[in-house]
Amino acid sequence: MVTVTNSLEAYDIYEALKPVRGFVEDLSAWYVRRSRKRQDRENFYETTYVVLTTLSKLLAPFTPFFAEAMWQNLGNTESIHLQAWPEFMRVGNGQDDKLEEQMNLVRQICELGNAKRKELKIKVRQPLAKLKIQNSKSKIMEELIQLIKDELNVKHVEFIEEKGEELAVEFDTTITPELKAEGEARELIRSLQELRKKAGLQINDFVNAEVTSFPAGFEEMIKREVLIKNLKKVITGENKIERVK
């Protein structure tokens, strides 16, 4: 926000836009995606509302009509162009800087992990037993380690020191029958979520589902992830869902 303000005051539109573009990419590719399964949804909604209303103000000088539409869609009535320019406020006593540093490290680890999965040709939906992180320069908070587990779909994370200074990651690629079954369950969840999307269902709509098969032991997980009231296995046909009325 500081860079945007200072650049606009210097009439440097190009430099003013660069941090906005980077922030939008971070917001959609990381924060929103990683917040899908959060339990504290009210905090997520409140934070996202503040972020989007502030973002619309920052966009107003560059894309006035888009920013106005975005502002109105967030429930505001008075024009965005009548609002005060947002001011930067630092919260806390330095702990935010440490959290930001650790989050940047977590994202770097996840980027390396996703690249390694692609190299190994192992889909992210296939759970793996362990991720080894080599030469991490700082200890990561347990809460952020859980983010790594969720993003890279691993059961355990281990930190090791080896010769060399570059940060590196390595997966345990042994896929046990249990891990294979969970991977199949996750693939089924993905296909059922696609059916929800095609049917135009709301995020909180419950459904009944018929599927040709699902791995034993994962029925409750499938029902929870897809909001299924009744899950029925059928011998023939194709997977289908129906909204609970």
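Of the possible donor and acceptor atoms, one in the side chain of Asn114 sits under 3.5 Å from a partner among the backbone N and O of Cys110. A side-chain donor-acceptor contact under 3.5 Å links Asn104 to the backbone of Glu100. Although no hydrogens or angles enter the test, the distance criterion places a donor-acceptor pair under 3.5 Å between the side chain of Asn239 and the main chain of Thr212. The main-chain N or O of Val124 is found under 3.5 Å from a side-chain atom of Asn153 such that the two form a donor-acceptor pair. Looking only at distances, a side-chain donor or acceptor of Arg196 sits under 3.5 Å from a matching main-chain atom of Gln202. His81 places a side-chain N or O within 3.5 Å of a backbone atom of Pro64 that can act as its donor or acceptor partner.
Under a hydrophobic-cluster definition in which Ile, Leu, Val, Met, Phe, Trp and Tyr are linked whenever side-chain heavy atoms come within less than 4.5 Å, directly or via other members, Leu59 and Val50 are assigned to different clusters. The hydrophobic cluster containing Phe214 also contains Met221, counting ILVMFWY residues as joined when their side-chain heavy atoms lie under 4.5 angstrom apart, directly or transitively. Hydrophobic clustering of Ile, Leu, Val, Met, Phe, Trp and Tyr side chains at less than 4.5 Å, counting indirect connections, keeps Leu128 apart from Phe218. If you chain together hydrophobic residues whose side chains sit under 4.5 Å apart, Ile109 and Ile160 never meet in one group. Under the 4.5 Å side-chain contact rule for hydrophobic residues, Val234 and Leu188 do not share a cluster.
Side chains of Thr48 and Tyr31 form a contact here, defined as non-hydrogen atoms less than 4.5 Å apart. For the pair Leu58 and Pro86, the minimum side-chain heavy-atom distance is below 4.5 Å. Phe171 is not listed as a side-chain neighbour of Lys132, based on a closest heavy-atom distance of 4.5 Å or more. For the pair Pro61 and Trp85, the minimum side-chain heavy-atom distance is below 4.5 Å. Contact of the Ile80 side chain with the Lys57 side chain is registered, since non-hydrogen atoms from C-beta on lie closer than 4.5 Å. Counting heavy atoms from C-beta outward, Met141 and Leu99 have side chains that approach closer than 4.5 Å. Using a 4.5 Å heavy-atom threshold, the side chains of Leu105 and Ile140 count as touching. In this structure, Val169 and Leu152 have side chains that are not in contact, with every pair of non-hydrogen atoms separated by 4.5 Å or more.
For the pair Ser56 and Ala67, the tightest heavy-atom approach, listed with the atom from each and the gap, is O-CB, 3.4 Å. Val4 and Ala16 make their closest contact through CG2-O, 3.4 Å (heavy atoms, listed as atom of the first residue, atom of the second, distance). Nearest heavy-atom pair, Gln126 versus Leu179, reported as atom, atom and distance to 0.1 Å: NE2-O, 2.9 Å. Across all their heavy atoms, Ile228 and Leu231 have their closest contact at CG2-N, 3.8 Å. Listed here is the closest heavy atom pair of Leu167 and Leu112: O-CD1, 3.8 Å.
Annotation for Lys229: atom NZ does not count as buried by contact number, only 12 or fewer foreign heavy atoms lying within 6.0 Å. Other residues, nucleotides and ligands contribute more than 12 heavy atoms inside 6.0 Å of the CD atom of Glu161. Open room surrounds CD1 on Ile13; 12 or fewer heavy atoms of other groups in view lie less than 6.0 Å from it. By the neighbour-count criterion of 12 heavy atoms within 6.0 Å, atom CZ of Phe66 is sparsely surrounded, having that number or fewer from other residues, nucleotides or ligands. Taking a 6.0 Å sphere around CD1 of Ile235, one finds it holds 12 or fewer heavy atoms contributed by other residues, nucleotides or ligands.
The pair Asp26-Arg107 counts as a salt bridge, with a side-chain nitrogen and a carboxylate oxygen less than 4.0 angstrom apart. Ionic pairing of Glu194 and Lys197 is not present here: no N-O contact between side-chain nitrogen and carboxylate oxygen is shorter than 4.0 angstrom. With respect to Glu182 and Lys155, a salt bridge is recorded, a charged nitrogen being found less than 4.0 Å from a carboxylate O. The residues Lys180 and Glu184 are annotated as salt-bridged, a charged nitrogen and a carboxylate oxygen being separated by less than 4.0 angstrom.
The line from OG1 of Thr173 to CZ of Arg117 is 10.5 Å long, rounded to the nearest 0.5 Å. Considering CD of Glu151 and CD of Glu111, their distance stands at 9.5 Å, rounded to 0.5 Å. Within the model, atoms CD1 of Ile133 and CZ of Phe159 stand 4.0 Å from one another, a figure rounded to the nearest 0.5 Å. To the nearest 0.5 Å, atoms CG (Leu227) and CG (Leu192) are separated by 11.5 Å. Note that CG of Leu131 and CD of Glu170 are 9.0 Å apart. Values are rounded to the nearest 0.5 Å. Here the CD atom belonging to Gln102 is positioned 11.0 Å from the CG atom belonging to Leu147, to the nearest 0.5 angstrom.
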Can you check side chain to side chain donor-acceptor pair (under 3.5 Å) on Glu166 and Gln134, steps first, answer last? CA-CA 8 Å; Glu166 283 192 14; Gln134 301 170 10; over 6 Å; no
Item to complete: Please report the C-alpha distance between Trp71 and Thr53 in whole Å, then the side-chain angles of each, then the deciding distance to 0.1 Å, and finally whether the side chain to side chain donor-acceptor pair (under 3.5 Å) criterion is met.
Response: CA-CA 6 Å; Trp71 177 258; Thr53 51; over 6 Å; no
Q) Under the salt bridge (charged side-chain N to carboxylate O under 4.0 Å, His left out) criterion, do Lys18 and Glu15 qualify, and how do the steps go? A) CA-CA 5 Å; Lys18 282 202 300 188; Glu15 287 299 320; 3.2 Å; yes
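Side chains of Asp150 and Gln146: a donor on one and an acceptor on the other come within 3.5 Å. Using modelled atom types and a 3.5 Å distance limit, the side chains of Gln83 and Glu78 yield a donor-acceptor pair.
The six-membered or imidazole ring of Tyr49 lies away from that of Phe44, with a centre-to-centre distance of 6.0 Å or more.
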